[in-house]
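Please read the structure below before turning to the comments.
In what follows, every chain begins at residue 1, and chains take the letters A, B, ... in the order their sequences are listed.
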There are 2 protein chains.
Amino acid sequence: MLGYQLKHLQSVLRSRMDEALRPLDLSTPQYACLELLKRSPGASNSELARGGFVTRQTMNTMLRGLQDRGLVTRPEKATSGRVLPTTLTEKGEEALAGAVARVEEISALMVSPLNDSQRSHLAEALDRCIDALSSDAS
Amino acid sequence: MLGYQLKHLQSVLRSRMDEALRPLDLSTPQYACLELLKRSPGASNSELARGGFVTRQTMNTMLRGLQDRGLVTRPEKATSGRVLPTTLTEKGEEALAGAVARVEEISALMVSPLNDSQRSHLAEALDRCIDALSSDAS
DNA sequence: TGACTCATGTAAGTATTCTGACATTCATTG
DNA sequence: CAATGAATGTCAGAATACTTACATGAGTCA
């Protein structure tokens with residue numbers, strides 16, 4: 001039953017976010033990718049894939065799209081190993097800034113029926129559920 | 001931030017469910033479809049699509065797959081309108097029963113770190129968030 | 001040093017889901 | 001009654017994500 005609620009909320013949230021980001025020509029996964037890069041500049045493709053909960057092949061094609069649009073940059077050759085550290089461009093930061101503003105609105109709307117205490121408890125509960133399922137299956 | 005947690009939990013849950021259902025040759029969306037049919041026997045394709053948070057085209061192809069495997073039945077022609085009421089077959093109910101057992105385990109594991117009160121509050125909070133985002137955008 | 005293991009980036013093909021479009025049926029409404 | 005609108009089922013094509021597979025580079029250990 002809780003799994004169903006999760007899917008429901010995720011579905012609605014995804015719809016709202018896609019709507020809000022469409023004017024910027026960004027999808028929700030693309031937004032997530034930019035957000036990850038903001039937090040972890042120079043992250044590798046694989047790291048971004050793990051952070052975005054997609055395969056590294058999927059993230060790879062996403063990065064190419066963002067790269068072709070000039071939102072992110074990757075060096076031609078790796079300096080060490082095979083890792084190509086990705087960073088946001090100026091243009092990418094601007095796009096992200098606009099996107100964040102829109103997403104924040106939706107996020108705020110989503111939790112608007114909850115007070116601060118309830119929000120903390122919700123976040124705490126979700127983290128515990130994640131831990132419980134993440135046990136050890138790699 | 002909460003959106004990220006939701007995506008994370010959903011991702012892990014989906015993985016665990018797919019693993020658990022693989023021996024039965026069922027995907028998580030297929031399981032959801034069978035579960036919906038159990039609760040609403042004779043549901044239409046569109047109703048199932050709404051309940052499973054997918055488009056009716058997607059649900060249509062899913063139903064064909066389940067139909068070809070003999071898990072669900074649809075009449076050839078509609079008795080009224082265009083609706084083709086779908087129902088679980090004997091074989092479908094058996095498959096669902098096996099699937100439910102496995103899914104229940106995972107569901108139980110997921111909420112194992114929470115006590116009864118916390119589980120209620122979590123469910124309540126999720127419902128409120130859903131309502132807040134579901135306002136009026138059709 | 002050399003074999004082994006592991007993680008990474010990438011390519012190709014498959015699977016899944018969505019968007020756009022159309023015909024059909026029922027209900028409403030003038 | 002005729003016309004309109006809404007909902008349904010379905011087809012075709014595009015987008016998206018995944019699986020399988022392979023080559024490359026780094027670290028480990030005998």
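To the nearest angstrom, C1' of D:dC18 lies 17 Å from CZ of A:Phe53. Going from atom CD of A:Glu19 over to atom P of C:dC18 covers 15 Å, rounded to whole Å. The distance from atom CG of A:Asp18 to atom C1' of C:dC18 is 11 Å, rounded to the nearest whole Å. Rounded to whole Å, atom C1' of C:dT10 lies 16 Å from atom CG of A:Leu48. The nearest whole Å value for the distance from the CG atom in B:Leu63 to the P atom in C:dT16 is 15 Å. Regarding A:Gln67, its CD atom lies at a distance of 13 Å from the C1' atom of C:dT10, rounded to whole Å.
A:Leu36 and A:Leu84 are assigned to two separate hydrophobic clusters, defined by single-linkage of ILVMFWY side chains at heavy-atom distances under 4.5 Å.
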Polar atom pairs (N or O), protein with nucleotides 6-10 of chain D, under 3.5 Å:
residue : atom : partner : partner atom : Å
D:dT8   : OP1  : B:Arg50 : NH2          : 3.1
D:dT8   : OP2  : B:Arg50 : NH1          : 3.0
D:dT8   : O2   : B:Arg82 : NH1          : 2.9
D:dG9   : OP1  : B:Asn45 : N            : 3.3
D:dG9   : OP1  : B:Leu84 : N            : 3.4
D:dG9   : OP2  : B:Ser46 : N            : 2.8
D:dG9   : OP2  : B:Ser46 : OG           : 2.9
D:dG9   : N7   : B:Arg56 : NE           : 3.0
D:dG9   : O6   : B:Arg56 : NH2          : 2.7
D:dG9   : N3   : B:Arg82 : NH1          : 3.4
D:dT10  : OP2  : B:Asn60 : OD1          : 3.3
D:dT10  : OP2  : B:Asn60 : ND2          : 3.0
D:dT10  : OP2  : B:Arg74 : NH1          : 3.2
D:dT10  : O4   : B:Gln57 : NE2          : 3.4

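Side-chain atoms of B:Ser120 and B:Ser117 form no donor-acceptor pair, as typed in the model, at a separation below 3.5 Å.
Checked for salt-bridge contact, A:Glu105 and A:Arg102 miss the test: no charged N lies under 4.0 Å from a carboxylate O. A salt bridge is defined here as a Lys NZ or Arg NE, NH1 or NH2 lying under 4.0 Å from an Asp or Glu carboxylate O, and B:Glu19 with B:Arg22 fails to meet this definition.
Checking the phosphate oxygens (OP1, OP2) of D:dC18, a side-chain nitrogen or oxygen of A:Thr58 falls inside 4.0 Å.
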N/O donor-acceptor pairs under 3.5 Å from side chains in residues 67-76 of chain B, not counting sequence neighbours:
residue : atom : partner : partner atom : Å
B:Arg69 : NH1  : B:Asp25 : O            : 2.9
B:Arg69 : NH2  : B:Asp25 : O            : 3.0

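Judged as a salt bridge (Lys or Arg N to Asp or Glu O under 4.0 Å), the pairs with a partner in residues 30-53 of chain A (not counting sequence neighbours) are, in order, A:Glu35-A:Arg39, A:Lys38-A:Glu93.
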